[in-house]
Structures are given as structure tokens and as C-alpha cells.
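Encoded as C-alpha cells, the structure appears first; notes follow it.
Just so we're clear, the structure is a prediction, and the values are computed from it rather than from any experiment.
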Amino acid sequence: MTTATWQRNLKVLTIGVFMTGVSFSEIMPFLSLYVDELGTFTKNELTFYSGLTFSATFLTMALVSPYWGKLSDKYGRRPMLLRSALSMAIIIFAMAFVQNVWELIALRAIQGMLGGYVSNANALIATQTPKENAGQALGILMTGMTAGSLIGPLLGGILASLVSYRAAFALTGVILFLVFILTWIFVKEDFKPVAKVTETNTKDLWRSLPNKQLIVLLFVTTMLIQTVTTAINPIIALFVRELTHGAAATTLLTGFVAAMPGIAMVLAAPRFGKLNDILGANRFIHFGFLLAFVVLIPTGFVTSVYILMFLRFMMGIANAALMPTVQSLLAKNTPSALTGRIFSYNQSFQSLGSVSGPMLGALVAQYFDYAGIFIFSAVLIALNYVLFLGFNKQKADA
């Protein structure tokens, strides 16, 4: 593949994952309010149905992603990108017309089953980009996704205030249809299937991998990073309200606190991706783990919302070092014929982190208050780092 082609793919897919990030996150601010419009619920019932509506997508995504990964290794990543974008456009558009909460939950579950745009974008860039540029390219791609996720809630809040919730879903479907059109016209793939490998079952897949332990460790790392990232979600507004003693600006300040990690990732991820290529992923990932641990511990003891903002920004810096590095290590340690399947498995683990993070965060907060979430997250990061150190020592002794 020529330099011009992979660079164009990177530009288009960065726009695609940005728009996908916007589409996924812009419905979050009003999703529970939409659920409330679909029936007459008690407070506990509304909480339960809202949680189920949110989780349904990630649960089905975790289960089905490996199947789509297998097909992407057999037929190519571009067809999977087109399938995913068009499917999500239709399904989210259909959410504007549901009549009860169970129809919405069902569509959210189907959305997870038919998704996979981001994981296939990662796989296509990983396989079509020269290895020496892979870290930087994947960092740029992650920046696009993060920027979309950052802007999405703001855009969703504006949309929901200007039009109805139903119209906001319809407009989101239109955005995803534009992603489908952009991908169809501009993304090219020089795909050469390897029949004997792509037809293998899961056991044969693992047997063919040269570095199985590292791949599993990277899956676990993806899940734990996502768990730590999302653990604060159920209580972030409550924590800010506590720090500001119920000030009138609590909602605005909560938005800034929530945005800090995303802003940091947008600024740092492309630069870190380039450093990753220069210094080597194995070295760079140590920096990410250590920074995350150092930041999380004092976050549990903050007494000022502005210090909280700074520490959340620094946590975004740590994530910008960790996530693209994990993607780069996956790309460099996976045969090209299996890249789609491996990245889809990684997507499954990330989805599991998206489900487990808020649940564990809410559970820890019940017993150890809000500060306990950050200490618990620091312990998870430390355990993950110990696993990496153990793996590196075992590799050095071999």
C-alpha cells in the first residue's frame, strides 16, 4: 500500500471514529430522561431501567465482537467498517420511534451486536500502516475517538435542549450514515486473506500466536484501564457537589471535571504515539502505569474541585500513554492475518471494562465513600503493573 493511501485512510478513519465517538456519547446526557418518557416508573425502577439500557450495548458488544473479528480476518476490515456504520445508523435512527423501554433496550443490545467500527478502524490502520509509523497512527486514531467522546455530551445536551429526544436520536443516525458514506468512498484496503489461518477455530488461533502471554496481558490491561476510567462515572457529579458544598455552579464544574481526561488525551496521544515509535512500547508503558498510580492516590484526598480538575487532566495524560501503547503492542505482536480477530477480542475486554467500571465504582463508594474509588483504582493499576513487570522478568530469564 502506498504512503498516500495509508495516510488518507488514517485521515478518513480519524474523522470516522471522531463522528462515531460523538454519536455514541451525545445520547448519554439524556438517555435516562428518554427512558423516563417511555413509561411511569418509580425512582428505583428508573435507575434500574436506565442502567440496563446503558449496559445492554456493552454486554452484547463484549460477546459478539470476536465473531466480527473472525469475519474481518476472512473478508477484510473495510467490509466490517461499512457493515458497522450502516447498521448503527439504522438502529440509532430507529430508537427515535420506540414506544416502550423494552424496545429501546432491545435496540441498544442490537447496536452492541452489530457495532465494531472503532475496533475495525484500529485493525485496518494496524495492518495497512508501516510498522515504524503504527504507534503514531494509532495514537492519532485514539485522539479522534476521544475528541468525539468529549464533544458528544456537549452536543447532545445542546441538541436535546433545541429539539426533542426523539429528534436527537434521528440526527445521530444521520451522522452515522455520513460515516458510512465517507468510509465507502474514501477508505481503501489492500486485503489478502490467508485462508488456512482465517478458518481456524479459537484454540488454533491461540496456538498460532507467537506471544500468547503478552496478548492476554494486553487484553487484561485494556479492561482494567477502562474499568479505572469509568469507575468514577456514577459519582462524579455527587463528588463535585460535595467538594463545592452544593454551589450553584456544580453542573458546570462537573462538566469540566468530566472533560479533563479527554482534553489531556487529545493533546497528548498523538505526541505520545510518536514517542512510542521512537522509544519502544515496552519502555513507554512503564511511564503510563507509574503516572496513573501517582495521580490516583492523591485524587482520593482532594478538597478542592480545581485540584480535582488538574489530577483528572493528569490521569488523561496517563491514559494517553497507556491506551495507544497497548494498541501498538497488539499490532506489533499479532500476525497480520489475525489482526482483526485480536483487535475485536480487545474490544470485548474494553466493553467488559465499560460495564464493570461503573458497577464497581458504585459498590466501592457505598462502603468507602467517594475517595475509596480512586484508591481502589490505584490498586488495580498497581496490580496491572506488577503483572507487566513479572512478564518482562520471565521473558528476560527465558
Discussion item. Side chain to side chain contact (heavy atoms under 4.5 Å, CB included) for Phe18 and Met145? Distances and angles first, verdict last.
Written reply: CA-CA 5 Å; Phe18 169 78; Met145 178 62 186; over 6 Å; no
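- Judged as a side chain to side chain donor-acceptor pair (under 3.5 Å), and not counting sequence neighbours, the contacts of Ser356 are Thr227.
- Cluster partners of Leu383 are Val379, counting Ile, Leu, Val, Met, Phe, Trp and Tyr whose side-chain heavy atoms approach within less than 4.5 Å, directly or via other members.
- Leu38 is not listed as a side-chain neighbour of Gln99, based on a closest heavy-atom distance of 4.5 Å or more.
- Ring pair Tyr34/Tyr165 is perpendicular by interplanar angle, where above 60° counts as perpendicular and below 30° as parallel.
- Going from atom CD1 of Ile91 over to atom CG of Leu176 covers 10.0 Å, rounded to the nearest 0.5 Å.
- Under the 4.5 Å side-chain heavy-atom criterion for ILVMFWY residues, no single connected hydrophobic cluster contains both Phe24 and Val174.
- Taking OG of Ser84 as the start and CG of Asn120 as the end, the distance is 7.0 Å to the nearest 0.5 Å.
- Grouping the Ile, Leu, Val, Met, Phe, Trp and Tyr side chains by contacts below 4.5 angstrom, directly or via other members, places Tyr67 with Met61.
- A side-chain N or O of Gln226 and one of Ser354 form a donor-acceptor pair less than 3.5 Å apart.
- Scanning for side chain to side chain contact (heavy atoms under 4.5 Å, CB included) contacts around Ala167 gives Val163, Ser164, with sequence neighbours left out.
- With sequence neighbours excluded, the residues forming a side chain to side chain contact (heavy atoms under 4.5 Å, CB included) with Ile181 are Phe177, Trp184, Ile185, listed by chain and number.
- The minimum heavy-atom distance linking Gly173 with Ala89 is given by the pair O-CB, 3.4 Å.
- You'll find the side chain of Val228 stays beyond 4.5 Å of the side chain of Asn319, heavy atoms only.
- Heavy-atom contacts from other residues, nucleotides or ligands closer than 6.0 Å to CD of Glu37 number more than 12.
- Applying the side-chain hydrogen bond (donor to acceptor under 3.5 Å, both in side chains) definition to pairs two or more places apart or across chains, those involving residues 372-388 are Thr221-Asn384, His286-Tyr385.
- Remark: side-chain polar atoms of Arg83 are not paired, donor with acceptor, to backbone N or O of Trp68 under 3.5 angstrom.
- Just one residue in the list Leu10, Leu82, Val12 forms a side-chain contact (heavy atoms from CB on, under 4.5 Å) with Val187, and that residue is Val12.
- Put simply, the side chain of Val302 does not reach to within 4.5 Å of the side chain of Phe374, judged on heavy atoms.
- Every residue meeting the side chain to side chain donor-acceptor pair (under 3.5 Å) condition with Thr57, not counting sequence neighbours, appears here in chain and number order: Arg108.
- Residue pairs meeting the ring-ring contact (aromatic ring centres under 6.0 Å, His included) criterion with at least one member in residues 290-330: none, sequence neighbours excluded.
- Val294 and Phe388 fall into different hydrophobic clusters, where Ile, Leu, Val, Met, Phe, Trp and Tyr side chains are chained together by heavy-atom contacts under 4.5 Å.
- Judged by distance alone, with hydrogens and angles left aside, the side-chain atoms of Arg166 form a donor-acceptor pair with the main-chain N or O of Ala96 at under 3.5 Å.
- The side chain to side chain donor-acceptor pair (under 3.5 Å) search around Thr53 returns none, not counting sequence neighbours.
- Note that the CG atom of Leu224 and the CG atom of Leu380 stand 5.5 Å from one another [nearest 0.5 Å].
- Counting all heavy atoms, side chain and backbone alike, Ala321 lies closest to Gly288 at CB-CA, 3.8 Å.
- Between Gln111 and Met95 there is a side-chain heavy-atom pair separated by less than 4.5 Å.
- Hydrophobic clustering, with ILVMFWY side chains joined whenever heavy atoms are under 4.5 angstrom apart, keeps Val386 apart from Leu329.
- The two residues Phe349 and Val220 have their closest heavy-atom pair at CD2-N, 4.4 Å.
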Practice prompt. Please lay out, stage by stage, how Phe376 and Phe368 fare under the test side chain to side chain contact (heavy atoms under 4.5 Å, CB included).
Written response: CA-CA 10 Å; Phe376 171 75; Phe368 301 102; over 6 Å; no
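- Taking CH2 of Trp6 as the reference point, atom CG of Asn9 lies at 10.0 Å (rounded to 0.5 Å).
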Fill in: CA sep, side-chain torsions, deciding dist, call: Leu13, Leu81, side chain to side chain contact (heavy atoms under 4.5 Å, CB included)
CA-CA 10 Å; Leu13 289 177; Leu81 287 166; 3.9 Å; yes
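- One distance of note links CG of Leu214 with CG of Leu330; it measures 7.5 Å at 0.5 Å rounding.
- Annotation for Arg78 and Glu189: closest pair N-OE1, 2.9 Å, computed over non-hydrogen atoms.
- Legend: side-chain hydrogen bond (donor to acceptor under 3.5 Å, both in side chains) pairs involving residues 256-269, not counting sequence neighbours: none detected.
- For Val257 against Pro261, the heavy-atom pair with the smallest separation is O-CD, 3.5 Å.
- Contact check for Arg8 versus Lys188: side-chain heavy atoms found under the 4.5 Å cut-off.
- A search for side chain to side chain contact (heavy atoms under 4.5 Å, CB included) contacts involving Leu291 returns Phe287, Val295, Met314, Ile317, Ala318, not counting sequence neighbours.
- Under a hydrophobic-cluster definition in which Ile, Leu, Val, Met, Phe, Trp and Tyr are linked whenever side-chain heavy atoms come within less than 4.5 Å, directly or via other members, Phe186 and Ile125 are assigned to the same cluster.
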Worksheet entry | Test side chain to side chain contact (heavy atoms under 4.5 Å, CB included) applied to Met88 and Leu114, step by step | CA-CA 7 Å; Met88 289 189 299; Leu114 298 179; 5.8 Å; no
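- Listed by chain and residue number, Thr60, Val64 satisfy the side chain to side chain contact (heavy atoms under 4.5 Å, CB included) test with Met113 (two or more places apart in sequence, or in another chain).
- Note on residues 77-126: pairs passing ring-ring contact (aromatic ring centres under 6.0 Å, His included), not counting sequence neighbours, are Tyr49-Trp102, Phe93-Phe97.
- In this structure, the separation between CD1 on Ile375 and OG1 on Thr299 is 8.5 Å, given to the nearest 0.5 Å.
- Across every non-hydrogen atom of Ile297 and Ala378, the tightest pair is CD1-CB, 3.5 Å.
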